[in-house]
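In what follows, a single structure is set out as structure tokens and then discussed.
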Protein chains: 2
Amino acid sequence: MKKADKHQKILVAATKVFGSKGFFSARISDIAKEAKVADGTIYLYFHNKYDILLTLFEEEIAKLIVDIKAALAQEEDPRRKLYIFALHHLKLVIEKKELAEVLQMELRQSSDSVKEYRITKFVDYVNIISGIIHQGQKSGIFRPELKPGIIKRAFFGALDEMSRLWILNSDHSYTVDDTADEISSIFLNGISLPT
Amino acid sequence: MKKADKHQKILVAATKVFGSKGFFSARISDIAKEAKVADGTIYLYFHNKYDILLTLFEEEIAKLIVDIKAALAQEEDPRRKLYIFALHHLKLVIEKKELAEVLQMELRQSSDSVKEYRITKFVDYVNIISGIIHQGQKSGIFRPELKPGIIKRAFFGALDEMSRLWILNSDHSYTVDDTADEISSIFLNGISLPT
DNA sequence: GAGCGAAATGAATAGAAATTCATTCTTATG
DNA sequence: CATAAGAATGAATTTCTATTCATTTCGCTC
């Protein structure tokens with residue numbers, strides 16, 4: 001097995017374990033077992049437990065941002081863009097359930113030193129939304145008096161809360177498509193100028 | 001000092017410490033120091049570290065639910081109710097910052113056994129929203145095709161995300177009133193039937 | 001298939017912190 | 001003010017687990 005493979009294998013295992021138990025309750029030996037390597041092997045690829053988490057963020061979140069930006073680049077209309085963002089975000093949550101669980105939990109932890117880093121990445125992601133809102137206001141589609149800084153949070157929060165529902169319970173009463181439809185519909189009605 | 005006082009004093013200290021460091025990074029000795037008691041004293045009032053967290057949930061969240069239900073009982077119009085919920089929720093976040101921090105973090109942890117308990121309480125709280133939506137739909141004010149199960153999440157998520165902004169950064173670009181106005185305005189526009 | 005460096009192993013170590021408990025202090029009562 | 005029950009203390013103990021490292025296994029080349 002190539003070196004890069006094992007690095008990846010450990011990350012995948014760690015994602016699973018962090019996702020299900022949380023960073024602090026996760027044991028290195030849990031991760032090792034999940035990855036089918038010895039405890040010590042992990043330290044050949046990562047400096048320490050914390051480094052595993054950081055690498056996870058670094059490598060995976062960056063991918064998400066690239067992904068969603070690519071999907072949005074296809075589209076001009078800000079109303080459509082908002083819908084696409086919702087759909088894409090929710091799809092990711094379903095497809096990468098374990099990663100989503102780690103994000104859900106760890107983004108909320110106020111562990112000082114990390115906080116900085118995490119928030120930087122995170123802000124990049126959420127700012128995609130305010131960009132869309134801003135564009136829509138400039139072109140006279142969205143109500144100009146609304147504050148993009150609040151809307152982006154509200155919109156992201158709405159999506160994120162649906163993720164939590166899916167992740168923490170295993171509730172699937174609502175499909176991804178229905179949810180994306182409904183949430184973007186509420187917001188589009190809520191923020192659009194009357195025609 | 002009466003027994004009940006010390007119990008309370010430790011809970012207050014724990015809220016502060018859990019809020020700032022998170023449950024796992026918080027040391028019993030931190031809590032003891034904050035409460036100005038000896039480490040051992042804490043064990044006269046709580047079984048263990050975990051029990052402190054549970055008691056926090058039990059005693060404090062229950063209060064919040066009672067509070068907000070009382071505030072809502074004053075009002076009939078579901079549109080006003082939604083606004084009041086938003087305002088009340090955000091005010092609580094500001095007034096009980098430390099508690100809000102604990103909730104933000106710990107509600108997301110998937111620590112199995114607790115999960116059950118936390119979710120029960122939590123669901124009670126969020127269901128207040130779906131109750132309002134349902135009432136509005138019955139009286140023909142809100143669009144009947146929208147699913148209260150999604151809206152409640154979206155609405156709560158929007159509020160919660162603003163809380164995170166306030167809590168994790170110390171951002172206060174937006175006032176409580178502005179935020180409550182704007183979020184409930186977006187939702188009311190988004191979910192109301194055209195008149 | 002012998003020999004070598006790299007990779008992997010997992011038992012042993014070390015450190016951190018939760019919890020205990022023998023001792024000391026407080027308070028209430030006669 | 002003597003005394004006992006209840007509270008409080010904090011040093012000592014125990015537990016838990018991240019990390020290390022001496023040893024073994026693997027994969028390659030000649």
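Every chain is numbered from 1, with letters handed out A, B, ... down the list of sequences. These figures come from a predicted structure and were not determined experimentally. FYI, side chains are in, hydrogens and waters are out, and symmetry mates aren't considered; it's all heavy atoms of this structure.
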So which of B/Lys9, B/Lys16, B/Arg27 actually passes salt bridge (Lys or Arg N to Asp or Glu O under 4.0 Å) with B/Glu34? B/Lys16
In whole angstrom, what separates B/Leu53's CG from C/dA18's P? 14 Å
B/Tyr45 side chain, from C-beta outward: closest of C/dA7, C/dA18, D/dA8: D/dA8
Separation of A/Tyr43 atom OH from D/dA22 atom P, in whole Å? 18 Å
Whole angstroms only, please: what is the CD1-P distance between A/Ile31 and D/dT17? 13 Å
Kindly assign one of parallel, tilted or perpendicular to the pair B/Phe155 and B/Phe85, based on the angle between their ring planes and the thresholds 30° and 60°. tilted
Give, for atom NZ of A/Lys97 and atom OG1 of A/Thr15, the distance between the pair rounded to the nearest 0.5 Å. 13.5 Å
Should the ring pair B/His7 and B/Phe46 be called parallel, tilted or perpendicular, given that the plane angle runs from 0 to 90° and is split at 30 and 60? parallel
Once you round it to whole Å, what is the distance between C1' of C/dA8 and CD1 of A/Ile10? 11 Å
Residue set satisfying salt bridge (Lys or Arg N to Asp or Glu O under 4.0 Å) with A/Glu145, at least two apart, ordered chain then number -> A/Arg143
For B/Arg27 and C/dA16, is the shortest distance between a side-chain N/O and OP1 or OP2 below 4.0 Å? no
Using 0.5 Å steps for rounding, measure from the CG atom of B/Leu165 to the OG atom of B/Ser173. 6.5 Å
What is the distance, to the nearest angstrom, from the CZ atom on A/Phe46 to the P atom on D/dT19? 13 Å
Roughly how many Å is it from CG in B/Asp51 to C1' in C/dT19, rounded to a whole number? 14 Å
Taking any heavy-atom pair under 4.0 Å as a contact, classify B/Ala26: base, sugar-phosphate, or nothing. sugar-phosphate
How does protein reach along nucleotides 9-14 of chain D, written 5' to 3' as B (base within reach of a heavy atom under 4.0 Å), S (only sugar-phosphate), or - (no contact)? BB----
What is the distance from CG of A/Asp30 to P of D/dC16, rounded to the nearest Å? 14 Å
Any idea how A/Phe156 and A/Tyr125 line up, ring-wise: parallel (<30°), tilted (30 to 60°), or perpendicular (>60°)? perpendicular
For A/Ile28 and D/dT17, give me the distance from atom CD1 to atom C1', rounded to whole Å. 9 Å
